[in-house]
Amino acid sequence: MLRLYNTLSHTKEEFSPLDPSSIRLYVCGPTVYDFAHIGNARPQIVFDVLFRLLRHVYGDAHVTYARNITDVDDKIMSRAAEEGVAISELTVRTARQFHEDVTALGCLPPTHEPRATEYIPAMIAMIRRLIDSGHAYSAEGHVLFDVGSKPDYGKLARRSLDEMMAGARVEVAPYKMNPMDFVLWKPSSGDQPGWESPWGRGRPGWHIECSAMAESLLGDSFDIHGGGIDLVFPHHENEIAQSESVHHGAPLARTWIHNGFLQVEGEKMSKSLGNFFTIRDLLKDWPGEVLRFNMLRTHYRQPMNWTFHGLKESWTALERFYAVAEPVLATAVSADFLEALCDDLNTPLALSELHRARDVDLAGGLGLLGFSCVQDRIAAKPPMDPVAIADAIVARAAARKNRSFTEADRIRDDLAGKGILLKDGPDGTTWEVKR
RNA sequence: GGCCACGUGGCGGAGUGGUGACGCAGCGGUCUGCAAAACCGUUUACCCCGGUUCAAUUCCGGGCGUGGCCUCCA
């Protein structure tokens with residue numbers, strides 16, 4: 001039995017699919033204008049684990065995972081202008097980098113990966129339906145959603161319209177009926193990307209993109225919608241407002257799942273503090289599977305303190321696991337392991353079960369979590385030529401045989417100084433990179 | 001200012017109304033020429049103040065601290 005915490009109800013609920021033969025999951029993907037950072041990696045990994053768990057429970061063929069790519073956005077426009085490149089060049093390049101990064105993190109490709117620009121007609125159609133049903137209005141080239149037309153607006157964020165207005169710091173455009181009304185369509189000037197629409201040449205607002213893509217790929221209602229906790233308001237609240245207004249109140253998603261934020265070394269991640277790390281940079285020194293493991297050591301809803309110390313621990317733990325776990329295709333997992341995962345994706349508890357697990361269960365559990373168990377994948381790059389290391393080991397063995405321990409120790413210390421750690425076992429001497 | 005989370009031993013991190021998960025580090029031991037690695041064993045905890053209770057780290061209230069949202073944001 002799978003239980004998931006639902007942001008909508010603020011409780012853990014038993015997960016019961018709308019259709020067990022077709023589980024549908026939607027997760028908000030990246031806006032492609034720059035390299036993804038370590039904070040972006042968390043939802044990708046978390047929802048990849050959820051995807052894998054759903055496939056394990058319901059069967060690979062019965063789970064559909066949609067994750068969008070936002071490739072029309074004001075940040076993209078300004079970045080492209082800064083770099084002096086075409087928007088499409090920037091978005092295609094950044095999307096490719098994103099795919100390389102998440103692949104290195106062990107994430108499966110989603111079933112669908114819609115790009116916003118490919119769904120403009122669906123967005124226009126949805127906006128038109130919102131206008132026709134009295135939930136939206138056009139004004140000065142903009143189309144706005146009328147939050148007053150949705151009585152339960154604020155139900156996900158647990159905030160009433162009055163509360164929002166009290167603390168409102170939103171831009172109060174003169175053409176808005178209500179300050180909280182948000183943009184569905186906005187006009188584009190000649191040099192801005194735009195599409196012809198009944199309201200003139202323009203581009204979609206951010207929120208309508210997800211509503212339209214989700215409808216096209218997953219239908220009016222689906223099982224799970226995920227994303228970072230910062231997306232609860234306004235993005236997900238607005239998605240709900242749009243979709244449910246069009247679909248006559250049918251719930252957009254039954255379960256809403258949000259991952260917590262992470263801090264780096266106990267501080268907010270920011271470029272000015274010098275603790276801003278892209279996935280790309282980290283992959284130069286750390287195997288992707290180590291980054292993944294580290295992420296799963298904290299429950300997805302907990303705030304996470306991301307540290308290099310934790311990364312080292314993760315590497316050590318993974319090496320010890322891989323030393324005994326053979327990469328196998330078998331998907332056997334222990335009951336305790338599965339139970340932990342099924343209890344709202346309790347990965348820290350699941351990982352602790354692996355310390356108790358024997359070979360098959362260990363490999364199966366690691367496999368279900370998206371780990372390869374291939375030692376080479378987490379091997380550190382040796383700081384010197386492996387042949388020279390092997391030669392030194394032979395020389396040291398000879399010295400030891402002659403009981404020239406001073407010479408043997410000199411060789412060992414010499415290698416240690418170069419970052420190579422020797423391990424003497426019953427079957428001879430092996431080495432590993434010192435960390 | 002409003003709303004919402006979180007606060008567990010040196011570190012990471014589960015969990016629970018009553019027998020102190022688990023991992024890392026540390027310490028002791030086995031092994032070793034000596035180490036390292038590996039293996040075995042092991043010390044240290046529940047932010048503060050009230051309340052409920054036979055019993056609270058666990059429930060309730062208040063406080064303090066940290067973070068998130070209210071504006072683009074994983």
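Predicted model, so just to flag it, every value in this text is computed and none were measured.
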- Message: Any non-hydrogen side-chain atom of A:Leu421 less than 4.5 Å from a side-chain atom of A:Trp431?
- Response: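 Counting from C-beta outward, A:Leu421 and A:Trp431 never come under 4.5 Å.
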Separation of [N] [atom2] from [X] [atom1] (nearest whole Å):
X: A:Phe47; N: B:rA74; atom1: CZ; atom2: P; value: 13 Å
X: A:Leu231; N: B:rC73; atom1: CG; atom2: C1'; value: 8 Å
X: A:Lys12; N: B:rA14; atom1: NZ; atom2: C1'; value: 11 Å
X: A:Met269; N: B:rU66; atom1: CE; atom2: P; value: 20 Å
X: A:Arg410; N: B:rG33; atom1: CZ; atom2: C1'; value: 18 Å
X: A:Arg158; N: B:rC3; atom1: CZ; atom2: C1'; value: 11 Å
X: A:Asn259; N: B:rC6; atom1: CG; atom2: P; value: 15 Å
X: A:Asp101; N: B:rA74; atom1: CG; atom2: P; value: 14 Å

- Measure from NZ or CZ of A:Arg301 to the centre of the six-membered ring of A:Tyr5, then state whether that distance is under 6.0 Å and the direction lies within 45° of the axis.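 Yes, A:Arg301 lies over the aromatic ring of A:Tyr5.
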- Is the Lys NZ or Arg CZ of A:Arg96 less than 6.0 Å from the centre of A:Phe98's six-membered ring, within 45° of the axis?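 So A:Arg96 doesn't make the cation-pi contact.
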- Task: Dot-bracket notation for RNA chain B is requested: 5' to 3', Watson-Crick or G-U wobble pairs only, both distances under 3.5 Å, with ( ), [ ], | and . as defined.
- Result: (((((((..(((.....[...))).(((((.......)))))....(((((..]....))))))))))))....
- Task: Could you check A:Ile229 against A:His299 and say which one's nearest nucleotide on RNA chain B is further toward the 5' end?
- Result: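 First, find each residue's nearest nucleotide; the 5'-ward one identifies A:His299.
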- Item | A:Gly266 or A:Leu351, whichever maps to the more 5' nucleotide of RNA chain B |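 Per heavy-atom nearest nucleotide, the more 5' residue is A:Leu351.
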Every protein N/O within reach of nucleotides 30-32 of chain B N/O, cut-off under 3.5 Å:
none

On a whole-Å scale, what distance lies between the [atom1] atoms belonging to [N] and [M]?
N: B:rC39; M: B:rA55; atom1: P; result: 45 Å
N: B:rG17; M: B:rU57; atom1: P; result: 13 Å
N: B:rC60; M: B:rC73; atom1: P; result: 34 Å
N: B:rG7; M: B:rC59; atom1: P; result: 10 Å
N: B:rC24; M: B:rG13; atom1: C1'; result: 11 Å
N: B:rC6; M: B:rG15; atom1: P; result: 11 Å
N: B:rG12; M: B:rG29; atom1: P; result: 29 Å

Residue [X], side-chain heavy atoms: nucleotide from [options] that is nearest:
X: A:Arg159; options: B:rU66, B:rC70, B:rG33; answer: B:rC70
X: A:Asp230; options: B:rA36, B:rA14, B:rG68; answer: B:rG68
X: A:Leu262; options: B:rG33, B:rA21, B:rA74; answer: B:rA74
X: A:Lys268; options: B:rC34, B:rG67, B:rA5; answer: B:rG67

- Item | From CA spacing to verdict: ring-ring contact (aromatic ring centres under 6.0 Å, His included), A:Phe182, A:His207 | CA-CA 9 Å; A:Phe182 55 91; A:His207 315 301; 5.4 Å; yes
- Query: Between A:Lys12 and A:Asp343, is the closest basic N to carboxylate O distance under 4.0 Å?
  - Reply: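 Yes, charged N to carboxylate O under 4.0 Å.
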- Item | A:Arg67 with A:Glu113: basic N within carboxylate O range, under 4.0 Å |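 Looking at A:Glu113 together with A:Arg67, the answer is yes, because their closest N to O distance falls below 4.0 Å.
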For the pair [X] (side chain) and [Y] (backbone), establish whether a donor and an acceptor sit closer than 3.5 Å, ignoring hydrogens and angles.
X: A:His299; Y: A:Gln302; result: no
X: A:Thr117; Y: A:Asp71; result: no
X: A:Asp336; Y: A:Glu353; result: no
X: A:Thr111; Y: A:Tyr65; result: yes

Polar-atom pairs under 3.5 Å, protein N or O versus N or O of nucleotides 38-41 of chain B: list them with distances, or write none.
from: B:rA38; atom 1: OP1; to: A:Arg320; atom 2: NE; distance (Å): 3.0
from: B:rA38; atom 1: OP1; to: A:Arg320; atom 2: NH2; distance (Å): 3.2

- Specify the residues of residues 25-44 of chain A, ordered by number, for which at least one heavy atom lies under 4.0 angstrom from an atom of RNA chain B.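 Nucleic-acid contacts, sorted: A:His37, A:Gly39, A:Asn40, A:Pro43.
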To the nearest 0.5 Å, tell me how far [X] [atom1] sits from [Y] [atom2].
X: A:Leu341; Y: A:Leu349; atom1: CG; atom2: CG; result: 9.0 Å
X: A:Asp223; Y: A:Leu54; atom1: CG; atom2: CG; result: 8.5 Å
X: A:Cys342; Y: A:Phe337; atom1: SG; atom2: CZ; result: 9.5 Å
X: A:Thr347; Y: A:Tyr300; atom1: OG1; atom2: OH; result: 10.0 Å

- Message: Across nucleotides 7-12 of chain B, 5' to 3', mark each nucleotide with B, S or - according to how protein heavy atoms within less than 4.0 Å reach it.
- Response: ----BS
- Query: A:Arg356 near the nucleic acid: base, sugar-phosphate alone, or nothing, with a heavy-atom cut-off under 4.0 Å?
  - Reply: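 Sugar-phosphate, no base atom in range.
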- Item | Distance-only donor-acceptor check, side chains A:Ser211 and A:Glu215, under 3.5 Å |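 No, no side-chain donor-acceptor pair sits under 3.5 Å.
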- Query: Do we count A:Phe261 as stacking onto B:rA74 if the rule is ring centres under 5.5 Å and planes under 30°?
  - Reply: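 One would call A:Phe261 stacked on the B:rA74 base.
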- Task: Would you mind telling me which of A:Lys75, A:Glu83, A:Glu82 makes a side-chain contact (heavy atoms from CB on, under 4.5 Å) with A:Tyr33?
- Result: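 Exactly one pass, corresponding to A:Lys75.
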- Item | Partners meeting side-chain contact (heavy atoms from CB on, under 4.5 Å) with A:Arg203 (sequence neighbours left out) |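 Residues passing side-chain contact (heavy atoms from CB on, under 4.5 Å) with A:Arg203: A:Val72, A:Asp74, A:Met77, A:Lys186, A:Ser188, A:Gln192, A:Trp195.
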- Query: When you check the phosphate oxygens OP1 and OP2 of B:rC69, does a side-chain N or O of A:His235 lie under 4.0 Å from one of them?
  - Reply: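 Result: no.
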